[in-house]
Enquirer: 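One structure coming up, written as structure tokens, with questions to follow.
Quick note: numbers below take in every heavy atom, side chains included, and nothing from hydrogens, waters or symmetry partners. Residue indices begin at 1 and follow the sequence shown.
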Amino acid sequence: MGLKVRRQRTRMALRHERRLLQKSEINLGREGTSQAANFPELRQEIVALKKLEQEQKEVALRIAQIEESVGKIEADRQANAHEQQETTKKLETEKKPILHQRNDARSASEVCERELAAVDKRIEHVDAADRDLLKELTDLQGQEPPPPDREARSAALSARRARLPAEKAELMRARLGSEEASRSAREKLTAAETELAGIEKKIEEMRREFEARDHALNEQMRAQQDAIREARLHHQTVEERKNPAYLNIGRHLATQGIAPPNSPDLLVQVQRHREAMNRHQQHSAELALLSSQIDKQELRKFYFTVFSVLVLIPIIVFLVLQSPVQREWLPQETDAILAINVDRFERDDLPKKWRKDQPDVWANVWSGLLGGATAIPVMNIAKDAGRVTRAVATDNPSRPREFILIEAHSNVTPLIRAVAQNKNFDRRIFNGLTVWQRPDLAIARIGPATLAAGAAPEVDELIQVRLGMDPDLKISGQLFDRFQALDRESALRLISRNPADLPRVFHPIFSAELLDSAQMLGLALTLQNPLRARVLVKTRTAELATQLARQIHDEPQRWLRLQGSDQLLYTQSPEISRQDNNLEIRFNVPETSIRLLLQRIARTDAPAAGMVQPSPTP
């Protein structure tokens, strides 16, 4: 493998030196063209260079002509823009007084319209008053018996009606005057608007004319720019076509040892690169000789090994990625799991308040929740651990087995080192893993930051599960799936596949009716205000789930209460959702109820009379 790498590096260095040598020979040939005229064998290169230089001169002349055209077009564009600006300014000056006249005519027309409307309104008022007086006079004449002052009132009404025609005639004359003034104002407005429209049309035509001229100049400019770009590209191409002639001239001059008088260092560069090329070629030949002496069978074995490793690496990576993150390695016989999120207990409101108000009671509850995890020496659970998981297997009714897993915040090597220095612990090897044991406690490290603790048989079983020697809770198993469905960030998670057996492990929590109706039951608590609970219930059939959901909705005080107590688990109606035979119940919990619930899980409360006493756990 090292020989192959060295040969590849030599090839890369050889290619690099070949490129540098070619560049230096071209530079030498470019500067030494005058000396090349002394050599008849280079006559063809000299003739080719003269032809290419003549072609470059023609291209350069064309570039100069195009640039001159570009300058003229740019001058025309500036002149066009200046002329447009001047013409626009002149037309705007002509438009300004016409615009003022139009605005004045519009104002006068609006005033005349308002005056005419006012006169029409006054005429309507006179007509309405005449109708009202006539109706009032008719009503007065028709009254039976007639009122005593009918004659006087009739005379007054008639006198008022007699004055209305003269007033209306005066208003009609005023209306004729207003109508004439309004017509005259409208005519002036129409004339002003016509004149203004003419000047605006003229401005628009001028603008279109200049824009068309500017567009044509832009197209010409674009065409000239494309032409000059092509000409410069052609000039560069011709310059590159001169390189083969320069290369032949440079190689001949370097072979003859002739350097240009103005650049003698170019010959030195060519000679230095030629020496480097010779060294790399010699080294490459030596490596090729070594490679030819290698046993082909050994080489095939080596390639097969490399190929096998490359095939196995993706498979190993795939298996590692499929490995579950933060997996709880628990025996398959596990019936109930209690997971304590230590970080949440340290941050949430209720534990802080309880720790401050009743330190002794809280110390007992905290110790009861952690169980055997508190017996580990030199480890402060509140600071060093992130999660404590306790699992119980009740397959042996006379002796339930408890398994304890502790997930630390960091590597547990310092803690194991401290336990090893403790003279009370004896060291033994079980299936390749070290177990530290004393009469009442055994500790084993089953992960970088995971400890197994408890009685020695249970710790040995956890080791066998972790090593794959005993079956564990399957990832697709119902208990593990429902346990993972509970929020991992909750302060406390509890799940049981035999809810009716929960009182054997903890003091009774839920009502006996709910435990008997459930085939599997899970609980998640959030101890941050507001205090919340999430209950997962699995029944045997979908019909039973529908019936149970309806009963909990109708009588929550019967189902959601602490067994043997009058305290309810909810503060308001719970939210219930159903999917097939699974129920999810969410509700807020009173503080007194959640304190008693935690005490019962920790088994630190005083059992009520008639309450089922749980069997002691190890």
Side-chain angles (χ1 to χ4, degrees), residues 1-19 276-277 279-334 386-387 389 403 405-417 420 427-435 443-452 459-481 483-484 488:
M1 192 66 181
L3 180 60
K4 197 170 188 63
V5 171
R6 290 166 59 193
R7 291 188 65 183
Q8 184 63 28
R9 290 177 58 187
T10 304
R11 292 191 192 99
M12 294 172 60
L14 187 59
R15 285 196 297 268
H16 178 67
E17 285 296 335
R18 186 177 289 114
R19 287 193 296 268
M277 277 281 296
R279 287 197 307 270
H280 287 304
Q281 287 176 349
Q282 183 179 0
H283 186 58
S284 178
E286 294 174 357
L287 294 177
L289 179 60
L290 292 176
S291 179
S292 63
Q293 296 174 355
I294 296 176
D295 186 4
K296 302 303 180 182
Q297 185 64 26
E298 294 294 329
L299 193 60
R300 293 189 191 96
K301 292 180 180 179
F302 170 75
Y303 285 139
F304 177 76
T305 304
V306 172
F307 176 76
S308 301
V309 171
L310 293 178
V311 170
L312 288 175
I313 285 177
I315 299 175
I316 295 172
V317 171
F318 175 76
L319 294 176
V320 170
L321 293 178
Q322 293 298 315
S323 177
V325 180
Q326 296 180 333
R327 169 90 174 268
E328 283 83 359
W329 299 93
L330 297 172
Q332 192 176 29
E333 298 82 10
T334 300
R387 190 180 308 275
T389 303
F403 307 93
L405 292 177
I406 303 170
E407 297 177 16
H409 287 132
S410 58
N411 198 300
V412 294
T413 301
L415 183 125
I416 293 297
R417 189 180 299 116
R427 180 176 180 272
R428 64 182 176 89
I429 302 298
F430 182 77
N431 288 334
L433 293 182
T434 303
V435 179
I443 303 172
R445 178 180 180 178
I446 61 173
T450 306
L451 292 178
V459 171
D460 293 346
E461 188 169 351
L462 285 176
I463 291 175
Q464 290 181 314
V465 169
R466 182 63 181 88
L467 296 177
M469 302 172 67
D470 285 347
D472 67 333
L473 281 177
K474 295 180 180 179
I475 292 299
S476 59
Q478 294 181 352
L479 179 64
F480 192 82
D481 286 345
F483 181 65
Q484 294 295 83
R488 188 176 177 85

Enquirer: May I ask you to decide if Leu287's main-chain N or O and Ser291's side chain share a donor-acceptor pair within less than 3.5 Å?
Expert: no

Enquirer: Who passes salt bridge (Lys or Arg N to Asp or Glu O under 4.0 Å) against Glu461, sequence neighbours left out?
Expert: Arg401

Enquirer: Closest approach of Val311 and Pro314, non-hydrogen atoms and distance?
Expert: O-CD, 3.2 Å

Enquirer: To the nearest 0.5 angstrom, please state how far the OG1 atom of Thr389 sits from the CD1 atom of Ile406.
Expert: 9.5 Å

Enquirer: Looking at every non-hydrogen atom in both residues, tell me the closest pair between Ala449 and Ser410 and how far apart they are.
Expert: CB-O, 3.4 Å

Enquirer: Is the shortest heavy-atom distance from the side chain of Lys4 to the side chain of Gln8 under 4.5 Å?
Expert: no

Enquirer: Applying the side-chain contact (heavy atoms from CB on, under 4.5 Å) criterion to Leu451, which one of Val459, Leu405, Leu415 satisfies it?
Expert: Leu415

Enquirer: For His16, enumerate each residue passing the side chain to side chain donor-acceptor pair (under 3.5 Å) test, keeping only those at least two apart in sequence or located in another chain.
Expert: none

Enquirer: Return the OG to CD1 distance between Ser308 and Ile313, rounded to the nearest 0.5 Å.
Expert: 11.0 Å

Enquirer: Can you tell me how far CG of Leu14 sits from CZ of Arg19, rounded to the nearest 0.5 angstrom?
Expert: 10.0 Å

Enquirer: Does any non-hydrogen side-chain atom of Ile446 lie less than 4.5 Å from one of Ile463?
Expert: yes

Enquirer: Measuring only between side-chain heavy atoms, which start at C-beta, is Arg18 closer than 4.5 Å to His280?
Expert: no

Enquirer: Is the shortest side-chain heavy-atom distance between Arg427 and Thr434 below 4.5 Å?
Expert: yes

Enquirer: Once salt bridge (Lys or Arg N to Asp or Glu O under 4.0 Å) is applied, do any residues pair with Arg428, and if so which ones, sequence neighbours excluded?
Expert: Asp460

Enquirer: Check whether any side-chain heavy atom of His283 lies under 4.5 Å from a side-chain heavy atom of Arg279, and answer yes or no.
Expert: no

Enquirer: What distance do Leu310 atom CG and Ile315 atom CD1 have between them, rounded to the nearest 0.5 Å?
Expert: 11.5 Å

Enquirer: Any non-hydrogen side-chain atom of Arg445 less than 4.5 Å from a side-chain atom of Leu433?
Expert: no

